[in-house]
Amino acid sequence: MDVPRVQSSLRLIARGLEELAAALGEQEVSEDERTARVIGDWGRRGLTQKEASALFQRHGFAPQTTGGWARGEWVEIGDDGLRYLTAKSHTWLEERE
């Protein structure tokens, strides 16, 4: 199997589905709004890597977004191996509301 070709094809399908949803009249949600929804849904509980990835996907982000948020100090990995939102994330949401 040509893994890079399959990955590329899946990305094209995903972009096509987003365009199709927009054509159906779906209201476009801004990245800030999607970010606020992620933080709100996540709350203060710890999530496994799989749970965090699923949460990001549910709100239109790539599943790898957790890593970017960790580098940006929005997420940290606790001693228990779970991912937690940092004070930076919660402060951002509070200031937005």
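For the numbers below, each heavy atom of this structure counts, side chains included, while hydrogens, waters and symmetry mates do not.
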**Item:** Derivation of the side chain to side chain contact (heavy atoms under 4.5 Å, CB included) call for Met1 and Val6
**Value:** CA-CA 8 Å; Met1 176 179 352; Val6 171; 3.8 Å; yes
Checking side chain to side chain contact (heavy atoms under 4.5 Å, CB included) for the pair Val75/Thr86: CA distance, chi angles, key distance, verdict? CA-CA 5 Å; Val75 170; Thr86 63; 5.6 Å; no
Show the numbers, then the answer: is there a side chain to side chain contact (heavy atoms under 4.5 Å, CB included) between Ser53 and Lys50?
CA-CA 5 Å; Ser53 293; Lys50 186 181 251 185; 5.8 Å; no
Q: Take Arg83 and Glu76 through the side chain to side chain contact (heavy atoms under 4.5 Å, CB included) test and state the conclusion after the steps.
A: CA-CA 6 Å; Arg83 281 106 183 110; Glu76 62 188 1; over 6 Å; no
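Nearest heavy-atom pair across Trp74 and Lys88 is NE1-CE, 3.3 Å. Arg96 and Ala36 get closest at one heavy-atom pair: NH1-CB, 3.8 Å.
A distance of 10.0 Å separates CD in Glu94 from CD1 in Ile39, rounded to the nearest 0.5 Å. Summarising the geometry, atom OG1 belonging to Thr35 is positioned 9.0 Å from atom CD belonging to Glu33; distances are rounded to the nearest 0.5 Å. Between atom CG of residue Leu47 and atom CG of residue Leu82 there is a gap of 7.5 Å, rounded to the nearest 0.5 Å. Between the NE2 atom in His59 and the CG atom in Leu55 there is a gap of 5.0 Å [rounded to 0.5 Å]. Trp42 CH2 to Thr66 OG1: the interatomic distance, rounded to the nearest 0.5 Å, is 5.0 Å. The OG atom of Ser9 sits 6.5 Å away from the CD1 atom of Ile13 when rounded to the nearest 0.5 Å.
Trp69 and Phe56 have their aromatic ring centers within a separation under 6.0 angstrom.
Cation-pi check for Arg34 over Phe61 is met; the charged atom lies under 6.0 angstrom from the ring centroid and within 45 degrees of its normal.
Environment of CD in Glu31: sparse, with no more than 12 heavy atoms of neighbouring residues, nucleotides or ligands closer than 6.0 Å. Within a 6.0 Å sphere centred on CD of Gln49, heavy atoms belonging to other residues, nucleotides or ligands number 12 at most. The 12-atom threshold is not exceeded at CD of Glu73, counting heavy atoms of other residues, nucleotides or ligands nearer than 6.0 Å.
A donor-acceptor pair under 3.5 Å links the side-chain atoms of Glu51 to the main chain of Thr48, judged by distance alone.
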